[in-house]
Number of protein chains: 2
Amino acid sequence: MTMKGGAASSLARTGTVPRSREIYDALRQKIVSGEWPAGHRLPSEHELARAFGCARMTIGKALGALAEQRLVTRRRRAGTTVNMPRPQESVLEIHDIEAELLAAGIPYAYESLARRIRRATARDAGTLGVSLGTPVLALTGLHRASGRPHALEERLINLRAVPEARTERFRAISPGRWLLQRIPWTEAEHQIGALNADADIARWLAIRRDTACLAIERNTWRDAQRITHVRVIYPCGEHRLVARFRYRPL
Amino acid sequence: MTMKGGAASSLARTGTVPRSREIYDALRQKIVSGEWPAGHRLPSEHELARAFGCARMTIGKALGALAEQRLVTRRRRAGTTVNMPRPQESVLEIHDIEAELLAAGIPYAYESLARRIRRATARDAGTLGVSLGTPVLALTGLHRASGRPHALEERLINLRAVPEARTERFRAISPGRWLLQRIPWTEAEHQIGALNADADIARWLAIRRDTACLAIERNTWRDAQRITHVRVIYPCGEHRLVARFRYRPL
DNA sequence: TTCCGCAATATGTCTAGGCATATTATGATT
DNA sequence: AATCATAATATGCCTAGACATATTGCGGAA
């Protein structure tokens, strides 16, 4: 099974395979092979512990991982049962474009196109989710790969949450990077959509008008406070979001 | 298509909050609040166990969860250190369209537009990742919401992996559903892109030519075997993929 | 100075047992 | 027969201790 999941275990395991992992794999195999169909009830932890010759907690770990994968449901007293085949719900990973370009050896640059500080307009307040009049920093910038336009970025930063941004020029450093290095965020929401390039977008990205573009919007929170809203626009030919199902080994 | 993290714990917790969860939250708070900046080394498991008044394993559970979240890195002897602010890489959940429409009370229907069995052409072989001449089932269908075209689906099914599909007509049942109910898959890969509607797409989706559309491609494996390749095309106005960063409580 | 081996350390994982809690089955009561 | 209290059961979570293993730092030898 190919699993180039960026999901390399968070811990570089070098030694032997843990027993709980072996058990997890063995049980998982029974399920995905269909030997244990949906609704089938697994043996109890005690029985499995006896069968595998290990402590109950080791079994519990394996079963807990299966439950986290939604392969099984566990209920007290009712036991552990196999779920319906995996729901059509996937975990995707979106990678950082800048990092990816650099990793691929492609020269990357950020260029600021506009920078304005203002009190939040009704529209700003709506997109950024702050109250009217809150000071915000509005940025427009261009990401370049090998010198050519790669993506257009429109960003709003809540200056109440990030006062340091007021004095930063963002001439050549991308605001995303800058923020990441300073503000740990706790939650984010993404929207992915498609849009036809308008005149501005077409000009900056050097594409024809009406070319289909991928638009990714991201809202970022730090606890309850809104940090930033960003919309990044990629021309369709240039970029695809490649995402992989995340294989979680345990 | 809002989907606030379906991330409810896979196990309905009703009782008290587990100690390991409390500890996880406490440590997480230290990190996201910035009190422990990137590079900071956490106290050892022994020290934390003493500080929190619990067994080392309970601490290990909490730290393990932090590591899985990539908030910290753990290395033997070197200890546990806080990572750089979260890399710009996110985990998205894409939910099943059909299920979501139904959940929202919107009538859903699938309509088959084309169905052909053939030996894999060079192009089929490339997209589906099978060898030339392998029998494949090629399907085109339309997803309707409230009777109106919602998405166009182009699918290839590997008949060596799913021989039962040969006799299925797919008149009104969406192949995605059908497959999910039969074939548990073990891995999937997605690509999300944008494209301008060509004449065919425009006709089926009842949109103007060149309208920007969101295209989602998915490849599905069962262990090493390729099951199916599907491309679903949504008109830009109709649909956005909304995804929320997945909060995994532990 | 440089290199190598050894000891100290922190994590990775497991065991055996225990209490808590949710749920089901059972039996007693009306 | 229907209802309700109680016991049995399976999981959820924890403890205390143990051994294994990777990594680091240090001291001695070349």
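All figures in this text were calculated on a predicted structure; none of them were measured in a lab. Chain identifiers are assigned alphabetically (A, B, ...) following the order of the sequence lines, protein sequences preceding nucleic acid strands; residue numbering begins at 1 within each chain.
- Rounded to whole Å, the distance from CZ on A:Arg76 to P on D:dC13 is 7 Å.
- In this structure, B:His46 places its NE2 atom 12 Å from C1' of C:dA8, rounding to the nearest Å.
- Set against C:dT11, D:dT24, D:dT15, the side chain of B:Ala78 has D:dT24 as its closest nucleotide.
- Panel note: side chain A:Arg177, backbone A:Ile173; no donor-acceptor pair is recorded below 3.5 Å.
- Judged by distance alone, with hydrogens and angles left aside, the side-chain atoms of A:Asn219 form no donor-acceptor pair with the main-chain N or O of A:His229 at under 3.5 Å.
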For A:Glu22 and A:Arg19, run salt bridge (Lys or Arg N to Asp or Glu O under 4.0 Å): C-alpha distance rounded to whole Å, both residues' side-chain angles, the deciding distance at 0.1 Å, then the answer.
CA-CA 5 Å; A:Glu22 282 178 15; A:Arg19 189 89 179 97; 2.9 Å; yes
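- Stem list for DNA chain D (at least 3 consecutive Watson-Crick or G-U pairs, distances under 3.5 Å): C:1-30 with D:1-30.
- Taking atom CG of residue B:Leu48 and atom P of nucleotide C:dT11, one finds them 8 Å apart after rounding to whole Å.
- Distance, B:Arg75 CZ to C:dT13 C1': 19 Å, rounded to whole Å.
- Counting only heavy atoms from C-beta on, A:Cys54 has its side chain closest to C:dT15 among C:dT15, D:dC14, C:dT13.
- A salt bridge (charged side-chain N to carboxylate O under 4.0 Å, His left out) check over residues 29-38 of chain B, counting only residues at least two apart or in different chains, returns the pairs B:Lys30-B:Glu35.
- Put simply, CG on A:Leu42 is 13 Å from C1' on D:dA10, counting in whole angstrom units.
- Checking B:Arg218, B:Arg155, B:Arg222 one by one against B:Thr228, the side-chain hydrogen bond (donor to acceptor under 3.5 Å, both in side chains) holds for a single residue, B:Arg155.
- B:Glu45 has its CD atom 15 Å from the P atom of D:dA16, to the nearest Å.
- Among the nucleotides C:dA16, D:dC14, D:dT15, the one closest to the side chain of B:Pro18 is D:dC14.
- The phosphate of D:dT11 has OP1 or OP2 within less than 4.0 Å of a side-chain N or O from A:Thr80.
- Ring geometry for B:Tyr108 against B:His143 counts as tilted: the plane angle lies between 30° and 60°, on a 0 to 90° scale.
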Show your reasoning for whether salt bridge (Lys or Arg N to Asp or Glu O under 4.0 Å) applies to A:Glu45 and A:Arg74.
CA-CA 11 Å; A:Glu45 288 194 352; A:Arg74 311 187 70 193; 2.3 Å; yes
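- Whole-Å rounding puts the A:Tyr24 OH to C:dC14 P distance at 15 Å.
- In this structure, the nucleotide among D:dT15, D:dT24, C:dA10 sitting nearest to the side chain of B:Arg41 is C:dA10.
- Contact annotation for A:Arg56: base contact, defined as any heavy-atom pair under 4.0 Å involving a base atom.
- Among the nucleotides D:dA16, D:dG12, D:dC14, the one closest to the side chain of B:Met57 is D:dA16.
- Here A:Thr58 reaches the OP1 or OP2 of C:dT15: one of its side-chain N or O atoms lies under 4.0 Å away.
- In this structure, the nucleotide among D:dT11, C:dT23, C:dC14 sitting nearest to the side chain of A:Ser44 is D:dT11.
- Residue A:Arg77 places none of its side-chain N or O atoms closer than 4.0 Å to OP1 or OP2 of C:dT21.
- Spacing between atom CG of A:Leu66 and atom P of D:dA10 amounts to 19 Å, rounded to whole angstrom units.
- Comparing D:dC14, C:dA16, C:dT11 against the side chain of B:Ser20 picks out D:dC14 as the nearest.
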Evaluate the salt bridge (Lys or Arg N to Asp or Glu O under 4.0 Å) criterion for residues B:Glu217 and B:Arg231: first the C-alpha distance (whole Å), next the side-chain angles of each, then the deciding distance (0.1 Å), finally the verdict.
CA-CA 4 Å; B:Glu217 287 185 54; B:Arg231 187 168 76 150; 5.0 Å; no
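- Dashed line: the shortest gap from a side-chain N or O of A:Arg19 to OP1 or OP2 of C:dT15 is not under 4.0 Å.
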